[in-house]
Number of protein chains: 2
Amino acid sequence: MFTMIRKTRSHRRRGEETQIPGDGRDARKQRTRRALLDAALQLLEGERSFSSLSLREVTKTAGITPAAFYRHFSGMEDLGHALIEDSFASLHQLMRQAREGGLPATHIIRASVTTFLDYAGAHRAHFRFIAKERFSGSSALRMAIRKEIRLWIGELAVDLSRFPALGRFSADDLQVLAGLMVHVIIAATELLLDTPPTDRAALKRIYRDAEKQMRLVILGAAQWDSSRSKSG
Amino acid sequence: MFTMIRKTRSHRRRGEETQIPGDGRDARKQRTRRALLDAALQLLEGERSFSSLSLREVTKTAGITPAAFYRHFSGMEDLGHALIEDSFASLHQLMRQAREGGLPATHIIRASVTTFLDYAGAHRAHFRFIAKERFSGSSALRMAIRKEIRLWIGELAVDLSRFPALGRFSADDLQVLAGLMVHVIIAATELLLDTPPTDRAALKRIYRDAEKQMRLVILGAAQWDSSRSKSG
DNA sequence: GATTTAAGTAAACGATTGTTGACTCAATGC
DNA sequence: GCATTGAGTCAACAATCGTTTACTTAAATC
(Lines give C-alpha, C1' and ligand atoms only; values in the text may rest on other atoms or scores of the structure.)
Protein backbone atom coordinates (compact mmCIF):
# COMPACT_ATOMS: atom_id res chain seq x y z
CA MET A 1 0.00 0.00 0.00
CA PHE A 2 2.71 2.44 0.92
CA THR A 3 4.60 1.69 -2.24
CA MET A 4 1.55 2.33 -4.37
CA ILE A 5 1.12 5.76 -2.91
CA ARG A 6 4.77 6.64 -3.40
CA LYS A 7 4.73 5.48 -6.98
CA THR A 8 1.66 7.48 -7.83
CA ARG A 9 3.24 10.59 -6.36
CA SER A 10 6.57 10.26 -8.06
CA HIS A 11 5.01 9.80 -11.43
CA ARG A 12 2.74 12.76 -11.07
CA ARG A 13 5.89 14.83 -10.83
CA ARG A 14 6.64 14.22 -14.50
CA GLY A 15 3.48 16.01 -15.51
CA GLU A 16 4.64 19.12 -13.70
CA GLU A 17 8.06 19.34 -15.32
CA THR A 18 7.02 19.01 -18.91
CA GLN A 19 4.51 21.71 -19.66
CA ILE A 20 6.78 23.11 -22.34
CA PRO A 21 5.01 24.13 -25.56
CA GLY A 22 7.25 22.35 -28.08
CA ASP A 23 6.36 18.85 -26.96
CA GLY A 24 6.09 15.59 -28.73
CA ARG A 25 7.85 12.38 -27.96
CA ASP A 26 11.09 12.84 -29.85
CA ALA A 27 11.28 16.52 -29.09
CA ARG A 28 11.33 15.48 -25.46
CA LYS A 29 13.93 12.83 -26.17
CA GLN A 30 16.21 15.30 -27.89
CA ARG A 31 15.77 17.68 -25.00
CA THR A 32 16.98 15.25 -22.37
CA ARG A 33 19.77 14.18 -24.69
CA ARG A 34 20.94 17.76 -24.72
CA ALA A 35 20.53 17.85 -20.96
CA LEU A 36 22.96 14.95 -20.72
CA LEU A 37 25.50 16.62 -23.01
CA ASP A 38 25.18 19.89 -21.12
CA ALA A 39 25.48 18.12 -17.79
CA ALA A 40 28.77 16.54 -18.89
CA LEU A 41 30.07 19.87 -20.21
CA GLN A 42 29.06 21.55 -16.98
CA LEU A 43 30.90 19.00 -14.88
CA LEU A 44 33.94 19.38 -17.12
CA GLU A 45 33.96 23.13 -16.50
CA GLY A 46 35.63 22.39 -13.20
CA GLU A 47 38.75 20.42 -12.48
CA ARG A 48 37.41 17.09 -13.65
CA SER A 49 38.44 15.15 -16.71
CA PHE A 50 35.97 13.22 -18.79
CA SER A 51 37.33 9.82 -17.85
CA SER A 52 36.77 10.65 -14.20
CA LEU A 53 33.10 11.48 -14.70
CA SER A 54 30.69 8.83 -13.56
CA LEU A 55 27.56 7.91 -15.43
CA ARG A 56 25.55 8.42 -12.28
CA GLU A 57 26.63 11.96 -11.60
CA VAL A 58 26.01 12.96 -15.21
CA THR A 59 22.46 11.67 -14.98
CA LYS A 60 22.01 13.29 -11.60
CA THR A 61 23.01 16.76 -12.81
CA ALA A 62 20.92 16.18 -15.93
CA GLY A 63 17.95 15.45 -13.70
CA ILE A 64 17.18 11.90 -14.79
CA THR A 65 17.62 8.40 -13.44
CA PRO A 66 20.81 6.41 -14.13
CA ALA A 67 18.88 3.75 -15.99
CA ALA A 68 17.36 6.33 -18.35
CA PHE A 69 20.86 7.15 -19.56
CA TYR A 70 20.86 4.00 -21.68
CA ARG A 71 17.88 5.23 -23.69
CA HIS A 72 20.29 7.77 -25.24
CA PHE A 73 23.81 6.38 -25.11
CA SER A 74 25.31 2.92 -24.81
CA GLY A 75 27.72 4.16 -22.15
CA MET A 76 30.06 6.98 -21.25
CA GLU A 77 32.34 6.32 -24.21
CA ASP A 78 29.38 6.85 -26.51
CA LEU A 79 28.57 10.11 -24.76
CA GLY A 80 32.20 11.16 -25.28
CA HIS A 81 31.94 10.74 -29.04
CA ALA A 82 28.71 12.72 -29.09
CA LEU A 83 30.49 15.48 -27.18
CA ILE A 84 33.26 15.55 -29.78
CA GLU A 85 30.74 15.96 -32.57
CA ASP A 86 28.98 18.62 -30.56
CA SER A 87 32.20 20.50 -29.87
CA PHE A 88 33.62 20.41 -33.36
CA ALA A 89 30.30 21.52 -34.77
CA SER A 90 31.17 24.73 -32.96
CA LEU A 91 34.47 24.98 -34.77
CA HIS A 92 32.95 24.14 -38.15
CA GLN A 93 30.39 26.85 -37.69
CA LEU A 94 33.15 29.36 -37.05
CA MET A 95 35.07 28.25 -40.12
CA ARG A 96 31.99 28.55 -42.31
CA GLN A 97 31.31 32.03 -41.03
CA ALA A 98 34.89 33.07 -41.67
CA ARG A 99 34.79 31.62 -45.18
CA GLU A 100 31.53 33.33 -46.08
CA GLY A 101 32.14 36.64 -44.37
CA GLY A 102 35.66 36.86 -45.72
CA LEU A 103 38.51 38.40 -43.80
CA PRO A 104 39.79 41.93 -44.31
CA ALA A 105 42.72 42.19 -46.71
CA THR A 106 44.55 44.41 -44.27
CA HIS A 107 45.39 43.09 -40.84
CA ILE A 108 44.50 39.57 -41.89
CA ILE A 109 46.71 38.09 -39.23
CA ARG A 110 45.33 40.07 -36.36
CA ALA A 111 41.77 39.58 -37.55
CA SER A 112 42.20 35.81 -37.85
CA VAL A 113 43.79 35.41 -34.47
CA THR A 114 41.29 37.68 -32.77
CA THR A 115 38.30 36.07 -34.45
CA PHE A 116 39.31 32.62 -33.43
CA LEU A 117 40.26 33.43 -29.86
CA ASP A 118 37.08 35.45 -29.37
CA TYR A 119 35.06 32.51 -30.56
CA ALA A 120 36.92 30.05 -28.38
CA GLY A 121 36.40 32.30 -25.40
CA ALA A 122 32.69 32.42 -26.12
CA HIS A 123 32.45 28.63 -26.33
CA ARG A 124 34.67 27.74 -23.43
CA ALA A 125 32.92 24.52 -22.48
CA HIS A 126 33.31 22.94 -25.90
CA PHE A 127 36.90 23.96 -26.44
CA ARG A 128 37.86 23.04 -22.93
CA PHE A 129 36.50 19.57 -23.48
CA ILE A 130 38.58 19.19 -26.64
CA ALA A 131 41.71 20.49 -24.94
CA LYS A 132 41.29 18.13 -22.02
CA GLU A 133 40.59 15.02 -24.02
CA ARG A 134 43.12 15.63 -26.78
CA PHE A 135 45.71 13.61 -24.91
CA SER A 136 44.11 12.15 -21.85
CA GLY A 137 41.01 10.55 -23.27
CA SER A 138 40.55 7.04 -24.57
CA SER A 139 42.41 6.29 -27.76
CA ALA A 140 39.15 6.31 -29.71
CA LEU A 141 38.39 9.82 -28.46
CA ARG A 142 41.94 10.99 -29.12
CA MET A 143 41.87 9.63 -32.64
CA ALA A 144 38.54 11.31 -33.34
CA ILE A 145 39.89 14.63 -32.12
CA ARG A 146 43.12 14.31 -34.04
CA LYS A 147 41.21 13.46 -37.19
CA GLU A 148 39.24 16.70 -36.86
CA ILE A 149 42.41 18.70 -36.32
CA ARG A 150 44.03 17.08 -39.36
CA LEU A 151 40.95 18.04 -41.35
CA TRP A 152 41.25 21.59 -40.10
CA ILE A 153 44.92 21.73 -41.09
CA GLY A 154 44.09 20.35 -44.51
CA GLU A 155 41.49 23.03 -45.14
CA LEU A 156 43.85 25.74 -44.01
CA ALA A 157 46.52 24.38 -46.35
CA VAL A 158 44.08 24.72 -49.26
CA ASP A 159 43.32 28.28 -48.25
CA LEU A 160 47.00 29.07 -48.00
CA SER A 161 47.73 27.62 -51.42
CA ARG A 162 45.72 30.45 -52.94
CA PHE A 163 48.18 33.04 -51.68
CA PRO A 164 50.60 33.86 -54.48
CA ALA A 165 53.36 34.56 -51.95
CA LEU A 166 53.36 30.88 -51.02
CA GLY A 167 53.86 29.65 -54.56
CA ARG A 168 57.23 28.15 -53.75
CA PHE A 169 55.69 25.74 -51.24
CA SER A 170 55.36 22.09 -52.10
CA ALA A 171 52.07 20.48 -51.12
CA ASP A 172 53.88 18.69 -48.35
CA ASP A 173 55.45 21.81 -46.94
CA LEU A 174 52.15 23.66 -47.13
CA GLN A 175 50.74 21.03 -44.81
CA VAL A 176 53.63 21.52 -42.41
CA LEU A 177 53.14 25.28 -42.48
CA ALA A 178 49.41 24.97 -41.86
CA GLY A 179 50.14 22.56 -39.04
CA LEU A 180 52.44 25.08 -37.42
CA MET A 181 49.86 27.85 -37.69
CA VAL A 182 47.11 25.68 -36.29
CA HIS A 183 49.32 24.68 -33.39
CA VAL A 184 50.05 28.31 -32.59
CA ILE A 185 46.32 28.90 -32.40
CA ILE A 186 45.72 25.78 -30.35
CA ALA A 187 48.45 26.66 -27.89
CA ALA A 188 46.99 30.13 -27.47
CA THR A 189 43.50 28.71 -27.07
CA GLU A 190 44.58 26.30 -24.40
CA LEU A 191 46.28 29.12 -22.55
CA LEU A 192 43.15 31.22 -22.95
CA LEU A 193 40.93 28.54 -21.44
CA ASP A 194 43.05 28.43 -18.32
CA THR A 195 42.83 32.17 -17.81
CA PRO A 196 39.89 33.69 -15.95
CA PRO A 197 37.89 35.80 -18.41
CA THR A 198 38.06 38.67 -15.95
CA ASP A 199 41.83 39.00 -16.17
CA ARG A 200 41.84 41.42 -19.07
CA ALA A 201 45.57 42.05 -18.95
CA ALA A 202 46.43 38.36 -19.22
CA LEU A 203 43.97 37.91 -22.05
CA LYS A 204 45.45 40.86 -23.88
CA ARG A 205 48.90 39.35 -23.62
CA ILE A 206 47.72 36.00 -24.92
CA TYR A 207 46.19 37.69 -27.96
CA ARG A 208 49.26 39.81 -28.52
CA ASP A 209 51.75 36.94 -28.21
CA ALA A 210 49.72 34.67 -30.47
CA GLU A 211 49.60 37.41 -33.08
CA LYS A 212 53.35 37.93 -32.83
CA GLN A 213 54.03 34.25 -33.19
CA MET A 214 51.76 34.03 -36.18
CA ARG A 215 53.46 37.01 -37.76
CA LEU A 216 56.84 35.44 -37.14
CA VAL A 217 55.76 32.21 -38.78
CA ILE A 218 54.50 34.06 -41.82
CA LEU A 219 57.72 36.02 -41.99
CA GLY A 220 59.55 32.72 -42.10
CA ALA A 221 57.19 31.33 -44.71
CA ALA A 222 57.93 34.27 -46.98
CA GLN A 223 61.59 33.24 -46.96
CA TRP A 224 60.92 29.54 -47.36
CA ASP A 225 62.15 27.60 -50.34
CA SER A 226 60.62 24.14 -50.64
CA SER A 227 63.19 23.06 -53.21
CA ARG A 228 65.82 23.38 -50.51
CA SER A 229 64.02 21.16 -48.04
CA LYS A 230 64.47 17.50 -48.72
CA SER A 231 60.94 16.18 -48.45
CA GLY A 232 59.82 12.60 -48.57
CA MET B 1 42.75 -19.48 15.55
CA PHE B 2 42.42 -19.40 11.79
CA THR B 3 43.23 -15.75 11.73
CA MET B 4 46.40 -16.27 13.69
CA ILE B 5 47.69 -18.77 11.18
CA ARG B 6 46.87 -16.52 8.29
CA LYS B 7 48.57 -13.55 9.85
CA THR B 8 51.73 -15.47 10.56
CA ARG B 9 51.86 -16.59 6.97
CA SER B 10 51.25 -13.24 5.47
CA HIS B 11 53.97 -11.67 7.52
CA ARG B 12 56.51 -14.30 6.71
CA ARG B 13 56.02 -13.26 3.10
CA ARG B 14 57.65 -9.92 3.82
CA GLY B 15 60.88 -11.59 4.79
CA GLU B 16 61.09 -13.30 1.42
CA GLU B 17 60.67 -10.17 -0.67
CA THR B 18 63.24 -8.04 1.03
CA GLN B 19 66.51 -9.90 0.95
CA ILE B 20 68.00 -7.06 -1.02
CA PRO B 21 71.51 -6.00 0.08
CA GLY B 22 70.91 -2.24 0.40
CA ASP B 23 68.55 -2.49 3.35
CA GLY B 24 67.89 -0.25 6.23
CA ARG B 25 64.64 1.29 7.26
CA ASP B 26 64.54 4.38 5.09
CA ALA B 27 66.14 2.64 2.13
CA ARG B 28 63.16 0.33 2.24
CA LYS B 29 60.78 3.26 2.54
CA GLN B 30 62.26 5.01 -0.44
CA ARG B 31 62.03 1.78 -2.41
CA THR B 32 58.29 1.36 -1.91
CA ARG B 33 57.82 5.06 -2.57
CA ARG B 34 59.41 4.50 -5.95
CA ALA B 35 57.21 1.44 -6.38
CA LEU B 36 54.17 3.68 -5.94
CA LEU B 37 55.43 6.25 -8.44
CA ASP B 38 56.29 3.53 -10.94
CA ALA B 39 52.93 1.86 -10.44
CA ALA B 40 51.15 5.10 -11.29
CA LEU B 41 53.35 5.67 -14.34
CA GLN B 42 52.73 2.12 -15.45
CA LEU B 43 48.97 2.51 -15.17
CA LEU B 44 49.20 5.78 -17.09
CA GLU B 45 50.99 4.01 -19.95
CA GLY B 46 47.60 2.79 -21.05
CA GLU B 47 44.47 4.74 -21.82
CA ARG B 48 43.94 6.00 -18.31
CA SER B 49 44.32 9.54 -17.06
CA PHE B 50 45.70 10.34 -13.66
CA SER B 51 42.43 11.63 -12.25
CA SER B 52 40.81 8.32 -13.11
CA LEU B 53 43.38 6.28 -11.19
CA SER B 54 42.22 4.97 -7.86
CA LEU B 55 44.38 4.85 -4.80
CA ARG B 56 43.62 1.19 -4.38
CA GLU B 57 44.73 0.08 -7.80
CA VAL B 58 47.96 2.05 -7.49
CA THR B 59 48.76 0.28 -4.23
CA LYS B 60 47.72 -3.03 -5.72
CA THR B 61 50.09 -2.77 -8.69
CA ALA B 62 52.77 -1.46 -6.35
CA GLY B 63 52.31 -4.57 -4.24
CA ILE B 64 51.30 -2.99 -0.96
CA THR B 65 48.13 -2.51 1.07
CA PRO B 66 45.89 0.53 0.53
CA ALA B 67 46.45 1.68 4.09
CA ALA B 68 50.23 1.67 3.62
CA PHE B 69 49.83 4.33 0.92
CA TYR B 70 49.34 6.98 3.59
CA ARG B 71 52.81 6.33 5.00
CA HIS B 72 54.14 7.99 1.83
CA PHE B 73 51.55 10.40 0.49
CA SER B 74 48.59 12.23 1.96
CA GLY B 75 46.45 11.25 -1.02
CA MET B 76 46.43 10.93 -4.78
CA GLU B 77 46.89 14.66 -5.28
CA ASP B 78 50.10 14.47 -3.30
CA LEU B 79 51.28 11.57 -5.45
CA GLY B 80 50.53 13.68 -8.51
CA HIS B 81 52.84 16.45 -7.38
CA ALA B 82 55.58 13.93 -6.68
CA LEU B 83 55.11 12.60 -10.21
CA ILE B 84 55.54 16.07 -11.64
CA GLU B 85 58.81 16.53 -9.79
CA ASP B 86 59.88 13.10 -10.90
CA SER B 87 59.00 13.76 -14.52
CA PHE B 88 60.56 17.20 -14.80
CA ALA B 89 63.72 15.91 -13.16
CA SER B 90 63.99 13.94 -16.38
CA LEU B 91 63.75 17.09 -18.46
CA HIS B 92 66.20 18.99 -16.27
CA GLN B 93 68.71 16.20 -16.63
CA LEU B 94 68.44 16.43 -20.41
CA MET B 95 68.88 20.20 -20.36
CA ARG B 96 71.95 19.90 -18.16
CA GLN B 97 73.47 17.32 -20.47
CA ALA B 98 72.80 19.49 -23.49
CA ARG B 99 74.32 22.52 -21.79
CA GLU B 100 77.45 20.68 -20.71
CA GLY B 101 77.96 18.61 -23.84
CA GLY B 102 77.27 21.54 -26.09
CA LEU B 103 75.60 21.24 -29.45
CA PRO B 104 77.42 21.09 -32.77
CA ALA B 105 77.78 24.44 -34.51
CA THR B 106 76.60 22.90 -37.75
CA HIS B 107 73.15 21.35 -37.93
CA ILE B 108 72.22 22.85 -34.60
CA ILE B 109 68.54 22.72 -35.44
CA ARG B 110 68.46 19.10 -36.43
CA ALA B 111 70.66 18.09 -33.52
CA SER B 112 68.45 19.92 -31.02
CA VAL B 113 65.22 18.49 -32.33
CA THR B 114 66.63 14.99 -32.61
CA THR B 115 68.23 15.08 -29.19
CA PHE B 116 65.04 16.14 -27.50
CA LEU B 117 62.70 13.79 -29.30
CA ASP B 118 65.07 10.86 -28.76
CA TYR B 119 65.13 11.62 -25.07
CA ALA B 120 61.36 11.97 -24.86
CA GLY B 121 60.96 8.67 -26.68
CA ALA B 122 63.28 7.02 -24.19
CA HIS B 123 61.34 8.39 -21.23
CA ARG B 124 57.85 7.88 -22.54
CA ALA B 125 56.18 7.32 -19.20
CA HIS B 126 57.32 10.62 -17.72
CA PHE B 127 56.57 12.74 -20.75
CA ARG B 128 53.27 11.03 -21.32
CA PHE B 129 52.24 11.90 -17.80
CA ILE B 130 53.10 15.55 -18.36
CA ALA B 131 51.26 15.65 -21.68
CA LYS B 132 48.17 14.09 -20.17
CA GLU B 133 47.99 16.27 -17.09
CA ARG B 134 48.95 19.54 -18.75
CA PHE B 135 45.31 20.38 -19.29
CA SER B 136 43.21 17.71 -17.68
CA GLY B 137 44.71 17.52 -14.21
CA SER B 138 43.75 19.47 -11.13
CA SER B 139 44.51 23.17 -11.28
CA ALA B 140 47.36 22.71 -8.84
CA LEU B 141 48.92 20.11 -11.11
CA ARG B 142 48.34 22.23 -14.19
CA MET B 143 49.90 25.27 -12.55
CA ALA B 144 52.92 23.25 -11.47
CA ILE B 145 53.42 21.96 -15.00
CA ARG B 146 52.96 25.36 -16.56
CA LYS B 147 55.46 26.87 -14.16
CA GLU B 148 58.04 24.32 -15.26
CA ILE B 149 57.36 25.04 -18.91
CA ARG B 150 57.67 28.78 -18.30
CA LEU B 151 61.00 28.11 -16.63
CA TRP B 152 62.10 26.11 -19.61
CA ILE B 153 61.10 28.90 -21.99
CA GLY B 154 62.95 31.42 -19.85
CA GLU B 155 66.15 29.40 -19.97
CA LEU B 156 65.87 28.97 -23.71
CA ALA B 157 65.36 32.73 -24.09
CA VAL B 158 68.62 33.32 -22.23
CA ASP B 159 70.40 30.86 -24.48
CA LEU B 160 68.95 32.52 -27.55
CA SER B 161 70.02 35.97 -26.42
CA ARG B 162 73.63 34.89 -26.87
CA PHE B 163 73.14 34.47 -30.62
CA PRO B 164 74.32 37.65 -32.35
CA ALA B 165 71.75 37.15 -35.11
CA LEU B 166 68.98 37.78 -32.59
CA GLY B 167 70.37 41.10 -31.44
CA ARG B 168 67.36 43.01 -32.68
CA PHE B 169 65.03 41.12 -30.35
CA SER B 170 63.63 42.88 -27.33
CA ALA B 171 63.61 40.85 -24.13
CA ASP B 172 59.89 40.52 -24.49
CA ASP B 173 60.01 39.26 -28.03
CA LEU B 174 62.78 36.82 -27.16
CA GLN B 175 60.40 35.26 -24.70
CA VAL B 176 57.73 34.98 -27.36
CA LEU B 177 60.18 33.40 -29.78
CA ALA B 178 61.38 30.92 -27.18
CA GLY B 179 57.76 30.13 -26.39
CA LEU B 180 57.06 29.36 -30.01
CA MET B 181 60.07 27.08 -30.28
CA VAL B 182 59.19 25.23 -27.11
CA HIS B 183 55.64 24.76 -28.31
CA VAL B 184 56.87 23.30 -31.58
CA ILE B 185 58.87 20.77 -29.58
CA ILE B 186 55.98 20.04 -27.23
CA ALA B 187 53.57 19.50 -30.09
CA ALA B 188 56.01 17.12 -31.74
CA THR B 189 56.59 15.31 -28.47
CA GLU B 190 52.90 14.84 -27.87
CA LEU B 191 52.51 13.45 -31.36
CA LEU B 192 55.48 11.19 -30.75
CA LEU B 193 54.00 9.76 -27.58
CA ASP B 194 50.84 8.74 -29.40
CA THR B 195 52.79 6.89 -32.07
CA PRO B 196 53.85 3.29 -31.55
CA PRO B 197 57.65 3.17 -31.38
CA THR B 198 57.60 0.43 -33.98
CA ASP B 199 56.12 2.66 -36.69
CA ARG B 200 59.45 3.92 -37.98
CA ALA B 201 57.96 5.78 -40.94
CA ALA B 202 55.58 7.79 -38.76
CA LEU B 203 58.37 8.60 -36.32
CA LYS B 204 60.58 9.75 -39.18
CA ARG B 205 57.90 12.10 -40.40
CA ILE B 206 57.38 13.57 -36.94
CA TYR B 207 61.09 14.29 -36.67
CA ARG B 208 61.23 15.73 -40.16
CA ASP B 209 58.18 17.97 -39.75
CA ALA B 210 59.32 19.27 -36.39
CA GLU B 211 62.69 20.12 -37.87
CA LYS B 212 61.05 21.92 -40.78
CA GLN B 213 58.81 23.90 -38.47
CA MET B 214 61.76 24.86 -36.32
CA ARG B 215 63.72 25.92 -39.37
CA LEU B 216 60.78 28.00 -40.54
CA VAL B 217 60.51 29.72 -37.19
CA ILE B 218 64.20 30.56 -37.22
CA LEU B 219 63.92 31.86 -40.75
CA GLY B 220 61.20 34.18 -39.52
CA ALA B 221 63.24 35.21 -36.51
CA ALA B 222 66.08 36.25 -38.78
CA GLN B 223 63.75 38.74 -40.45
CA TRP B 224 62.18 39.95 -37.24
CA ASP B 225 62.45 43.54 -36.12
CA SER B 226 61.38 44.14 -32.55
CA SER B 227 61.24 47.88 -33.02
CA ARG B 228 58.40 47.33 -35.44
CA SER B 229 56.31 45.26 -33.04
CA LYS B 230 54.43 47.38 -30.60
CA SER B 231 55.03 45.60 -27.34
CA GLY B 232 52.90 46.54 -24.37
C1' DG C 1 -11.15 4.99 -27.98
C1' DA C 2 -8.26 0.89 -27.64
C1' DT C 3 -3.45 -0.74 -28.52
C1' DT C 4 1.25 -0.24 -29.03
C1' DT C 5 5.59 2.15 -28.22
C1' DA C 6 9.22 3.94 -25.62
C1' DA C 7 11.23 7.44 -22.21
C1' DG C 8 11.27 7.39 -17.82
C1' DT C 9 11.27 5.49 -12.63
C1' DA C 10 12.39 2.30 -8.73
C1' DA C 11 15.00 -1.08 -6.70
C1' DA C 12 18.30 -4.24 -6.26
C1' DC C 13 23.07 -6.63 -7.48
C1' DG C 14 27.90 -7.24 -6.65
C1' DA C 15 32.20 -4.44 -7.12
C1' DT C 16 35.02 -1.04 -5.97
C1' DT C 17 36.05 3.19 -3.82
C1' DG C 18 38.74 6.31 0.21
C1' DT C 19 39.69 6.16 4.94
C1' DT C 20 40.16 4.59 9.68
C1' DG C 21 41.72 1.97 13.85
C1' DA C 22 43.86 -1.78 15.92
C1' DC C 23 47.49 -4.80 15.05
C1' DT C 24 52.43 -6.82 14.03
C1' DC C 25 57.23 -7.03 13.96
C1' DA C 26 61.78 -5.88 12.04
C1' DA C 27 64.99 -2.21 12.31
C1' DT C 28 66.70 1.53 15.26
C1' DG C 29 68.38 3.93 19.52
C1' DC C 30 69.78 3.52 24.10
C1' DG D 1 69.31 -6.73 25.83
C1' DC D 2 65.25 -3.70 26.07
C1' DA D 3 62.19 -0.07 24.65
C1' DT D 4 60.80 2.66 20.83
C1' DT D 5 59.66 3.63 16.22
C1' DG D 6 57.40 3.22 12.00
C1' DA D 7 56.34 0.68 7.55
C1' DG D 8 53.39 -2.61 6.79
C1' DT D 9 48.96 -5.83 7.23
C1' DC D 10 44.08 -6.70 8.14
C1' DA D 11 39.34 -5.83 8.66
C1' DA D 12 35.61 -3.05 8.56
C1' DC D 13 32.97 1.37 7.21
C1' DA D 14 29.70 3.88 4.48
C1' DA D 15 29.60 5.65 -0.40
C1' DT D 16 29.41 5.24 -4.83
C1' DC D 17 29.90 2.82 -8.97
C1' DG D 18 27.77 0.45 -13.72
C1' DT D 19 24.14 -2.46 -15.06
C1' DT D 20 19.87 -5.16 -15.12
C1' DT D 21 15.05 -6.15 -14.31
C1' DA D 22 10.36 -5.16 -13.79
C1' DC D 23 7.38 -1.34 -13.75
C1' DT D 24 4.58 2.96 -15.19
C1' DT D 25 2.54 6.25 -18.05
C1' DA D 26 2.26 9.66 -21.55
C1' DA D 27 2.45 10.01 -26.44
C1' DA D 28 1.92 7.90 -31.10
C1' DT D 29 -0.62 4.67 -34.00
C1' DC D 30 -4.41 2.44 -35.66
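Sequence lines set the chain letters: A, B, ... in the order given, protein chains first and strands last, and positions in each chain run from 1. Quick caveat, the model's predicted, so the values are computed rather than measured.
Side chain to side chain, A:Asp118 and A:Tyr207 meet the donor-acceptor criterion of an N or O pair below 3.5 Å.
Near DNA chain C, defined here as any heavy-atom distance below 4.0 Å, there are no residues from residues 37-51 of chain B.
Look at A:Arg205 and A:Asp209 and you find no salt bridge, because none of the NZ, NE, NH1 or NH2 atoms lies under 4.0 Å from a carboxylate O.
Across the protein-nucleic acid pair, A:Glu57 atom CD and D:dA15 atom P stand 17 Å apart, rounded to whole Å. Across the protein-nucleic acid pair, B:Met76 atom CE and C:dT16 atom C1' stand 15 Å apart, rounded to whole Å. Separating the CZ atom of A:Arg33 from the P atom of C:dA6 is a distance of 17 Å, rounded to the nearest angstrom. With rounding to whole Å, B:Phe73 atom CZ is found 11 Å from D:dG8 atom P.
Checking D:dC10, D:dT19, D:dA26 against the side-chain heavy atoms of A:Arg25 singles out D:dA26 as nearest. The side chain of B:Ala67 has D:dT9 as its nearest neighbour among D:dG18, D:dT9, D:dG8. If you check D:dT20, C:dA7, D:dT9 against the side chain of A:Tyr70, the one that comes closest is D:dT20. Nearest to the side chain of A:His72, among C:dG18, D:dC10, C:dG8, sits C:dG8.
A residue-by-residue look at A:Lys60 and A:Arg71 shows that A:Lys60 has its nearest nucleotide of DNA chain D further toward the 5' end. Mapped onto DNA chain D by nearest heavy atom, B:Thr32 and A:Arg56 fall at different nucleotides, with B:Thr32 at the one closer to the 5' end.
The side-chain heavy atoms of A:Asp26 and A:Arg33, taken from C-beta on, include no pair separated by under 4.5 Å.
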Please walk me through it: do B:Glu57 and B:Arg48 pass side chain to side chain contact (heavy atoms under 4.5 Å, CB included)? CA-CA 12 Å; B:Glu57 65 183 332; B:Arg48 320 284 307 280; 3.0 Å; yes
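Nucleic acid contact class of A:Ser54 (heavy atoms, under 4.0 Å, all strands): sugar-phosphate only.
Note: A:Trp152 and A:Phe116 have parallel aromatic rings, judged against thresholds of 30 and 60 degrees for the angle between ring planes.
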